[in-house]
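Taking it in order: structure first as structure tokens, then the write-up.
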Amino acid sequence: DLVGCKEIWCRAWDESNNCQPVNPTWNLMGMGNNQVFRVKVHMDKTASGEHVFRFEHPTQPGQQTGGWMTTIAGKPESAGFGKLLEIQGEVKEEAAPEPVATTGGSKIFTMDEIAKHNAEHDAWIIVKDRVYDCTEYLDLHPGGADSILINAGDDSTEDFVAIHSTKATKMLEKFYIGDLDKGSVKKDHDVDKEDVCAKTGRPVALNPKKKRAFKLQSKTVLSHDSLMLDFALQSPEHVLGLPTGKHMFLSNEINGETVMRRYTPISSNYDIGQVKFVIKAYKPCERFPKGGKFSQHLDALKIGDTVDMRGPVGEFDYISNGNYLIDGEEHKSTKFNMIAGGTGITPVMQIAAEVLRHPEDKTQISLIFACRFENDLLMRSTLDQWATVFPDKFKVHYVLSDGWPENWKHSTGFVNKELFEKELYPAGDDVHNLMCGPPIMLDRGCTPNLVTLGHKKDNIFAF
């Protein structure tokens, strides 16, 4: 009964039937109200792979540390005036500052000691020889907890610098706890061991901790600004090792700096010896004079060039027959509403492909795919074929915002409540909404309209 449960509440009434308020608040005198007692429910995985429940109280008794209310994410609001402790403010973008110079009073940690802090309840990272305890930030990280946990207990300098902005660099200092003992760092002489796929017994190409270079073996132009890239794995016998619904990091050095981006392949573990991506190359334009740095780099690749890849990473993991994990917690649905914008089609398409390739999986899918122009509808021929071959399991509807042909039979403009009401499955406990696209589309066009139509926020997931 607790699978999928986020919290357990204990609520009391007095003799006049006045009940405790739901949310904790503090008044200007520093006094807190007597609110509902909440116990957070976490789904953890043991070393043997068994799923277990972990219950977290607001605080720990006595002088013990811990509790969800002591984390930044759990800080209560102050009488309606926002969080007592803000974790970020408006920061003017400028050149990324170097970390504050180490003082004589800073604590020094050895590499062996840091390596022990590599779990969701205790996550440390190293950036530029400075040690940060990011445990409290996991729930707040825009890229998801996995993006931090993939480097927990290790040096994440290259990854952090490649992805994060100046604002993020300044925010990181809030979690500084000490410095790395450089003399404790051992040279890596370990052999890069490969995992083996439990289902097929084949070697796995990806490694979550180490980048591996994959060679481009074919390149297909799909439109004026999109292309398909096909990379060879280590051997024709390798499988990628990416669970359905997760993504991976691609990186390369561009003009002297490491640039890293997230991508979801259109291929799967059923494609032996290769991994394929559909890429949209963002060229320079008036709004973005430099265009997309990494997408243009991928567009310029030649056969034989390599790209570094690492993974898997992500919160969503589709298992089978409507069963899936979100942040390690088990869920089950009979229907998926999928909403994709532009290149956001790739993660939802990956899940749809897994459902459709198994006849015994009866999960139903309704997809809305929104783009600017008709030529931007990536993999449309495949989606239309699915709708024809699997009419009882898959349907797709397209939306064009900036231009469309005269005989256009689908929608125009932007996603809205009326469109969702017509094309998507109605709200229900067995219906989950999966979204991927530009933030403005998800935040303004998707989530508010889904909620208005009765979908619970717990049943809305954005990649």
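Remember, it's a predicted structure, so these values are computed and weren't measured experimentally.
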Got a donor-acceptor contact below 3.5 angstrom from the [X] side chain to the [Y] backbone?
| X | Y | value |
| --- | --- | --- |
| Thr135 | Ala123 | yes |
| Gln296 | Gly292 | yes |
| Asn449 | Gly445 | yes |
| Asn337 | Leu424 | no |
| Asp271 | Ser268 | yes |

Are [X] and [Y] ion-paired here, with the side-chain N under 4.0 Å from a carboxylate O?
| X | Y | value |
| --- | --- | --- |
| Lys246 | Glu315 | no |
| Asp299 | Lys283 | yes |
| Asp384 | Arg380 | yes |

Report task. Scan residues 215-229 for pairs that pass salt bridge (charged side-chain N to carboxylate O under 4.0 Å, His left out), counting only residues two or more places apart or in two chains. Result ->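 Matches after skipping sequence neighbours: Asp225-Lys280.
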Query raised in the report: Which pairs with one or both residues in residues 395-404 pass salt bridge (charged side-chain N to carboxylate O under 4.0 Å, His left out), sequence neighbours excluded?
Result: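 Sorted result for residues 395-404: Arg372-Asp402.
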Query raised in the report: Which word best sums up how the rings of Phe294 and Tyr263 line up, parallel for under 30°, tilted for 30 to 60°, or perpendicular for over 60°?
Result: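 Geometry flag for Tyr263 against Phe294: tilted rings.
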Requested in this report: Determine the interplanar angle of the Trp408 and Tyr398 rings, folded into 0 to 90°, and report it as parallel if under 30°, tilted if 30 to 60°, perpendicular if over 60°.
Outcome: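 Aromatic pair Trp408/Tyr398 classed tilted.
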Query - By salt bridge (charged side-chain N to carboxylate O under 4.0 Å, His left out) - contacts of Lys393 (at least two apart) - result: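 Lys393: no salt bridge (charged side-chain N to carboxylate O under 4.0 Å, His left out) contacts found.
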Query raised in the report: Applying side-chain hydrogen bond (donor to acceptor under 3.5 Å, both in side chains), which residue pairs with at least one partner in residues 338-355 are found, sequence neighbours left out?
Result: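 As it turns out, the side-chain hydrogen bond (donor to acceptor under 3.5 Å, both in side chains) pairs with a partner in residues 338-355, which skip direct neighbours, are Glu354-Arg357, Glu354-His358.
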Requested in this report: Determine, using ring centers only, whether Tyr324 and His432 are less than 6.0 Å apart.
Outcome: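 Yes; Tyr324 has its ring centre under 6.0 Å from that of His432.
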Query - Near-ring test Phe373/Trp404, centroid separation under 6.0 angstrom - result: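 Centroid distance Trp404-Phe373: not below 6.0 Å, so no.
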Please report the closest heavy-atom contact between [X] and [Y], naming both atoms and the distance.
| X | Y | value |
| --- | --- | --- |
| Lys293 | Ile254 | O-CD1, 4.0 Å |
| Val239 | Asn269 | CG1-O, 3.5 Å |
| Pro265 | Val275 | CB-CG2, 3.7 Å |

Query raised in the report: Are Thr110 and Asp112 close enough that a side-chain donor and a side-chain acceptor fall under 3.5 Å?
Result: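 No, because no side-chain N or O of Thr110 sits under 3.5 Å from a partner of the opposite role on Asp112.
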Query - Point-to-point distance, once rounded to the nearest 0.5 Å, from CG of Asp376 to SG of Cys371 - result: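 These two atoms lie 5.5 Å from each other.
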Query raised in the report: Roughly how far, to the nearest 0.5 Å, is the SG atom of Cys436 from the CG atom of Leu442?
Result: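 Here the interatomic distance stands at 7.0 Å.
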Query - Candidates Leu434, Asn433, Asp327 - the one meeting side chain to side chain contact (heavy atoms under 4.5 Å, CB included) with Phe461 - result: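 Exactly one candidate clears the test, Leu434.
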**Report entry** More than 12 heavy atoms of other groups within 6.0 Å of Arg444 CZ
**Finding:**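 No, not enclosed.
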**Report entry** Test side chain to side chain contact (heavy atoms under 4.5 Å, CB included) applied to Trp386 - qualifying residues, sequence neighbours left out
**Finding:**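 Testing Trp386 for side chain to side chain contact (heavy atoms under 4.5 Å, CB included), a comparison that skips the adjacent residues, returns Met349, Ala352, Ala353, Leu356, Thr382, Leu383, Phe390, Phe394.
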**Report entry** For Ile319, all residues meeting side chain to side chain contact (heavy atoms under 4.5 Å, CB included), sequence neighbours excluded
**Finding:**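 Ile319 satisfies side chain to side chain contact (heavy atoms under 4.5 Å, CB included) with Asp317, Asn323, Leu325 once adjacent residues are dropped.
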